[in-house]
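Below is one structure, written out as structure tokens, with a few remarks after it.
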Number of protein chains: 2
Amino acid sequence: MFVVNPALKTLMNLAKVQAVISRRFDRLNIHGIGFNDFMILYLLQQSAAGKMRRIDLADQIGLTASGITRMLLPMEKIGLVAREANERDARVSYVVLTSVGKQLFEEAEKTASALAGEIIPALKPKEMTLLTDLLTSLGGNIT
Amino acid sequence: MFVVNPALKTLMNLAKVQAVISRRFDRLNIHGIGFNDFMILYLLQQSAAGKMRRIDLADQIGLTASGITRMLLPMEKIGLVAREANERDARVSYVVLTSVGKQLFEEAEKTASALAGEIIPALKPKEMTLLTDLLTSLGGNIT
DNA sequence: AACATATACTTGACTAGTCAATGATTATGC
DNA sequence: GCATAATCATTGACTAGTCAAGTATATGTT
């Protein structure tokens, strides 16, 4: 029988786990938004200025710039975020969190937290630290 | 500042990490197949009979049955897998690994293993065990 | 036997992204 | 100071899935 690299098996399990979790979240359709939309609201909310460049959002959530452009279109349409120019650099278009967006985030965060608690088993502090460190070493730098 | 549930942050980092990893794999386009196609070949190859029901493939890789139907179409077309009926149950259509599929898998496994080794940092045995256990507890049961 | 329910798979209509190319602007090397 | 390169964002064309509904078959109940 063929034996594959343990690292590769780990990546396969990671892929599976993520597929199942994200479908579970998106199926809930928390307040009308998907999980990635939720992440965008979260990042904007915790950013100092309440606004971010599209390219930085892309880097943070791990999608491409064009993916961000496409995700933001419906969010702009329903007024969760808005556009703002950068006076120094005309290439940049900031994404600003609106008060509607902020309010929706705060509601959605309750549902999302509850579901996250169901999904992630209760871990000992030591385990939680290790898991966080592991994800960080794999590029998961969302704080 | 709003403080979110650590479990929720973990899920956001998981989503990000997986998005980046899967894009990196798919971009390589290993021997013309994507990462999920690779997983299908792997599961078929390590199954005792070299064949599986579509629904079991779906469960194992964490997608829906209809996703599996759609993924398999091009794979059948290029001859990596084939269909086989179940004599006892006419609803079932097995997915069989062809010799072409098996050969491609063995080639692709080399490339995939090498990339997996680059992505997953060298872990101490204890850490590796914990990571595996964690993924298992989240539903990652690929062995 | 007949009916209700469950399971396996597929399909139509759709969403969520990808990549490659392009446009517009800003930064850099000489 | 000007050509070249780099950066930010968008668009066209496409792939990879999702869900809900439908078809076909199997199983369980009375």
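Numbers restart at 1 for each chain; the letters A, B, ... are given by sequence-line order, proteins then strands.
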Would you mind reading off the distance between [X] atom [atom1] and [N] atom [atom2], rounded to a whole angstrom?
| X | N | atom1 | atom2 | answer |
| --- | --- | --- | --- | --- |
| B/Arg83 | C/dA8 | CZ | C1' | 12 Å |
| A/Ile61 | C/dG17 | CD1 | C1' | 11 Å |
| B/Asp59 | C/dA8 | CG | C1' | 12 Å |
| A/Glu87 | C/dT26 | CD | C1' | 16 Å |
| A/Asn29 | D/dA20 | CG | P | 10 Å |
| A/Leu28 | D/dC19 | CG | C1' | 15 Å |
| B/Ile55 | D/dT25 | CD1 | C1' | 15 Å |
| A/Leu72 | D/dC8 | CG | C1' | 14 Å |

Any donor-acceptor pair under 3.5 Å linking the side chain of [X] with the backbone of [Y]?
| X | Y | value |
| --- | --- | --- |
| B/Asp26 | B/Phe35 | yes |
| B/Lys102 | B/Leu41 | no |
| A/Asn13 | B/Asn141 | yes |
| B/Lys16 | A/Gln60 | yes |
| B/Ser113 | B/Lys110 | no |

Original post:
Closest to the A/Asp89 side chain: D/dC8, C/dT26, C/dC9?
Top reply: C/dT26
Subject >> A/Gln103 atom CD: more than 12 heavy-atom contacts under 6.0 Å >> reply: no
[X] vs [N]: side-chain N/O to OP1/OP2 distance below 4.0 Å:
| X | N | answer |
| --- | --- | --- |
| B/Arg70 | C/dT10 | no |
| B/Arg53 | C/dA8 | yes |
| B/Thr64 | D/dT18 | yes |

**OP:** Would you kindly compare B/Ser66 and B/Arg91 by the position of their nearest DNA chain C nucleotide and give the one closer to the 5′ end?
**Re:** B/Arg91
**OP:** Could you walk me through whether B/Arg24 and B/Glu118 pass the side-chain contact (heavy atoms from CB on, under 4.5 Å) test, one step at a time?
**Re:** CA-CA 11 Å; B/Arg24 194 163 162 195; B/Glu118 277 179 39; 2.9 Å; yes
Please list, for nucleotides 14-16 of chain D, all pairs of protein and nucleotide N/O atoms separated by less than 3.5 Å.
none

**OP:** Between A/Ala19 and A/Thr69, just flag the one whose closest nucleotide in DNA chain D comes earlier from the 5' side.
**Re:** A/Thr69
**OP:** Between B/Gly62 and A/Tyr94, just flag the one whose closest nucleotide in DNA chain D comes earlier from the 5' side.
**Re:** A/Tyr94
Original post:
So what does A/Ala65 touch, heavy atoms closer than 4.0 Å: a base, only the sugar-phosphate, or nothing?
Top reply: base
Ignoring hydrogens and angles, does a donor from either the side chain of [X] or the base of [N] sit under 3.5 Å from an acceptor on the other?
| X | N | answer |
| --- | --- | --- |
| A/Arg88 | C/dT25 | no |
| B/Arg54 | C/dT10 | no |
| A/Arg27 | D/dG17 | no |

Original post:
With respect to A/Leu44, which candidate in A/Val95, A/Val96, A/Thr98 satisfies the side-chain contact (heavy atoms from CB on, under 4.5 Å) definition?
Top reply: A/Val95
